[in-house]
Amino acid sequence: MKTIYGKDRPKIPYIDFIQQKLGGEKVSDIELRIDNELSTAKFIVVETDQYRITGFEYTAKEDTQFQIVHDPKYEYTLSIFARDVIYYKEEEEREISVPNGFIFAKGTQKMAINFKKGVTKTQMVYAFNKGNISEYLLQVIDTLDHFFYHSGNENITAWKSSFTQELRNNIHEQFRKEFVTHKLMELKVILHNTLYQFNEKSDDVLFTDFEINAAFSIRNDINKDFTQRPNIKKLALAYGINHTKLGKIFKELFGKTIYKYFKDERLFKVKELITNTNKTFTEIAYEYAFTDVNHFSKSIVDEFGMTPSAMRKEGK
């Protein structure tokens, strides 16, 4: 995988910095187009002293990772419509995808974005300073963790569907820059409004760093021991998170409920025991918290399409 680092930016416009890193040709002072051995891409950058909005459509021609380095020019960063984002918590890599929302980082949170060969991604990045927001919004942001994500709402989704490539192509070239600039300003207002309306007690689409860490910790604990079924209410109590919201963030991050994740991963562990050990099926069934041997056998057939006996025979 090719790695591109976004550090050591000279004092030049950000669009020129991207061109230095990735190549391509500027078609205006806010737009860069690329078609080389690394990628086919379009970048749009609107930049002032108080904020910068970067939009890009990027198709990788080889697996590529962009290491995102905090730009000291701005205090906050939102990555919008982000897929396959890696963020580092005490050097542990954690992957998050927010296709209809955004990831928020204060300060120097270390992140990266993975691009797989042949896959096209459209994303936006909004970096801004305290001077670009109201006093009340600043108070709201100050109550939040250094890192969180928002899974999206109807305003963000509507804006996303209104900023298609087809629509931009239907705007005459003479007015395209004006159109794009206005649409990006519209997105900026929607993001400010979304943060402004945050309510810590009732918001079930914004997940703080603590809640994200709890979900990853629960997943790690499940992976260490498949002999105990997770008790969601006890987990919620242990982490001090409403059990409904805990279940929702786990599903947001890993695509499954806590119990479904446990069941699926347990089956792969059991498959390994069937094929690589001489333990009886009864021993495995009761050790790994199946109701009985029939439940164990049915679960194996449903998941893998063969009986435990056939699986053991095939593995030998």
Counting N and O atoms only, with roles assigned by atom type, does the side chain of Glu283 sit under 3.5 Å from a partner on the main chain of Thr280, one being a donor and the other an acceptor? yes
Within the structure provided, determine whether Phe66 and Lys21 are in side-chain contact (heavy-atom separation under 4.5 Å). no
Is a side-chain donor or acceptor of Arg266 paired with a backbone partner of Gln228 at a separation under 3.5 angstrom? no
Evaluation steps, side-chain contact (heavy atoms from CB on, under 4.5 Å), between Ile133 and Phe128: CA-CA 9 Å; Ile133 57 178; Phe128 61 100; 3.7 Å; yes
Taking the side chain as everything from C-beta on, heavy atoms only, tell me whether Ile300 gets closer than 4.5 Å to Thr307. no
Is the NZ or CZ atom of Lys269 both under 6.0 Å from the centre of the six-membered ring of Tyr288 and within 45° of that ring's axis? no
Does the pair Lys177 and Glu31 meet the rule for a side-chain contact (heavy atoms from CB on, under 4.5 Å), with working shown? CA-CA 9 Å; Lys177 176 181 175 180; Glu31 186 173 356; over 6 Å; no
Would you confirm whether Ser162, through its side chain, and Trp159, through its main-chain N or O, come within 3.5 Å as a donor-acceptor pair? yes
Given Lys121, Lys116, Arg94, the one that forms salt bridge (Lys or Arg N to Asp or Glu O under 4.0 Å) with Asp84: Lys121
Using modelled atom types only, decide if a donor and an acceptor are shared between the side chain of Lys260 and the backbone of Lys251 within a distance under 3.5 Å. no
Is there a donor-acceptor pair under 3.5 Å between the side chain of Thr40 and the backbone N or O of Asp35? no
Taking the six-membered ring of Tyr126, is the NZ or CZ of Lys188 close enough (under 6.0 Å from the centre) and on axis enough (within 45°)? no
Asn100 side chain to Ile156 main-chain N or O, any donor-acceptor pair under 3.5 Å? no
Please, which pairs that meet ring-ring contact (aromatic ring centres under 6.0 Å, His included) have at least one residue in residues 221-242, sequence neighbours excluded? none
Go through Phe163 and Phe81 one step at a time and tell me if the ring pair (Phe, Tyr, Trp, His ring centres under 6.0 Å) criterion holds. CA-CA 12 Å; Phe163 196 63; Phe81 315 134; 9.3 Å; no
Tell me, with the steps shown, if Thr194 and Asn155 meet side-chain contact (heavy atoms from CB on, under 4.5 Å). CA-CA 9 Å; Thr194 301; Asn155 292 334; 5.5 Å; no
Would you confirm whether Lys106, through its side chain, and Ile141, through its main-chain N or O, come within 3.5 Å as a donor-acceptor pair? yes
Can you tell me if Arg176 uses its side chain to pair, donor with acceptor, with the backbone of Ile171 under 3.5 Å? yes
Backbone of Ile15 reached by a side-chain donor or acceptor of Asp29 within 3.5 Å: no
Ignoring hydrogens and geometry, is there a side-chain-to-backbone donor-acceptor pair from Asn36 to Ser39 under 3.5 Å? yes
